[in-house]
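Take a look at the structure set out below.
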Amino acid sequence: EDEEQELGKYRLIGPITGPEGLRYLALATSVEMEKHASNLAAIEQLGEDFGRLSLDTDDRRRFIAPLLGTGWGGLDAVDVYEAMERGFLATADPQAVLTIHIIDQEAFQAVNQFIRDRLFAPKPPVRSSYSPDTSSGEDQLEIMHEVQSFANLIGSQDLQPPLSVG
């Protein structure tokens, strides 16, 4: 089948018996051959489509893909990584995993540095907060009678100190 496939689309082949439990093969189009060009929207769409595949059946939870569109497509490696990741995470089953293989050493270094910068970026300090109790709203614990009894006891003018409530 030598029919031309639209940019950002894929053809699924399988089930097959492949290495490391590979069951399906997706032939994706990430570059317009005549123009030697690609675009990030097409890459993100492929990520979304791969993510949706993870929802179809339990044997589609692990995805392995090359860094699409960075060779002949001329796209920046970090931009492609982000687009594939964003698309995949937007639609994939939470248990699904996307592994992106990067052959080009320079592209690998750029993506690796991007991931390190994102993981180890300084985080703003977490500040503690509190939410004071209020006397308004529904008595969801159904203890209003006990609360009123303690309030009456504590506020009583007839008691002689000390008073211990525990």
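When a residue number appears, it is its place in the shown sequence, counting from 1.
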Do Ser38 and Ile43 come close enough that some side-chain heavy atom pair is under 4.5 Å?
yes
Between Ala65 and Met84, the two heavy atoms sitting closest are CB-CE, 3.7 Å
Got a sec, which residues hit side chain to side chain donor-acceptor pair (under 3.5 Å) with Glu44, two or more places apart in sequence or on another chain?
Arg86
Residues in salt bridge (Lys or Arg N to Asp or Glu O under 4.0 Å) contact with Asp93, at least two apart in sequence or another chain
Arg61
Show me the donor-acceptor pairs, under 3.5 Å and distance only, between side chains in residues 117-125 and residues at least two apart or in other chains.
| unit_1 | atom_1 | unit_2 | atom_2 | d |
| --- | --- | --- | --- | --- |
| Asp117 | OD1 | Gln113 | NE2 | 2.7 |
| Arg118 | NH1 | Glu85 | OE1 | 2.9 |
| Arg118 | NH2 | Glu85 | OE1 | 3.3 |
| Arg118 | NH2 | Glu85 | OE2 | 2.9 |
| Lys123 | NZ | Ala121 | O | 3.4 |

One should read off an interatomic distance between Gln148 CD and Ile143 CD1, to the nearest 0.5 angstrom, of 11.0 Å
For Glu82, salt bridge (Lys or Arg N to Asp or Glu O under 4.0 Å) partners two or more places apart:
none
Can you give me the closest heavy-atom contact between Leu40 and Ala83, atom names plus distance?
O-CB, 3.9 Å
Can you list the steps and then say if Thr70 with Asp76 is a side chain to side chain contact (heavy atoms under 4.5 Å, CB included)?
CA-CA 6 Å; Thr70 57; Asp76 177 73; over 6 Å; no
Could you report the tightest heavy-atom contact between Ala110 and Val78, atom names first, then the distance?
O-CG2, 3.6 Å
Sub-3.5 Å donor-acceptor pair from the side chain of Thr91 to the main-chain atoms of Glu48, do we have one?
yes
Rounded at 0.5 Å granularity, tell me how far CG in Asp49 sits from CZ in Phe88.
11.5 Å
Assign the ring pair Phe63 / Phe50 to parallel, tilted or perpendicular, where the plane angle (0 to 90°) is split at 30° and 60°.
parallel
Less than 3.5 Å apart, which donor and acceptor atoms pair up between the side chains of residues 95-107 and the rest of the protein, not counting sequence neighbours?
| unit_1 | atom_1 | unit_2 | atom_2 | d |
| --- | --- | --- | --- | --- |
| Asp104 | OD2 | Glu106 | N | 3.2 |
| Asp104 | OD2 | Ala107 | N | 2.8 |

Do Ser156 side-chain atoms and Asn152 backbone N/O form a donor-acceptor pair below 3.5 Å?
no
Residues forming a ring pair (Phe, Tyr, Trp, His ring centres under 6.0 Å) with Tyr81, sequence neighbours excluded:
none
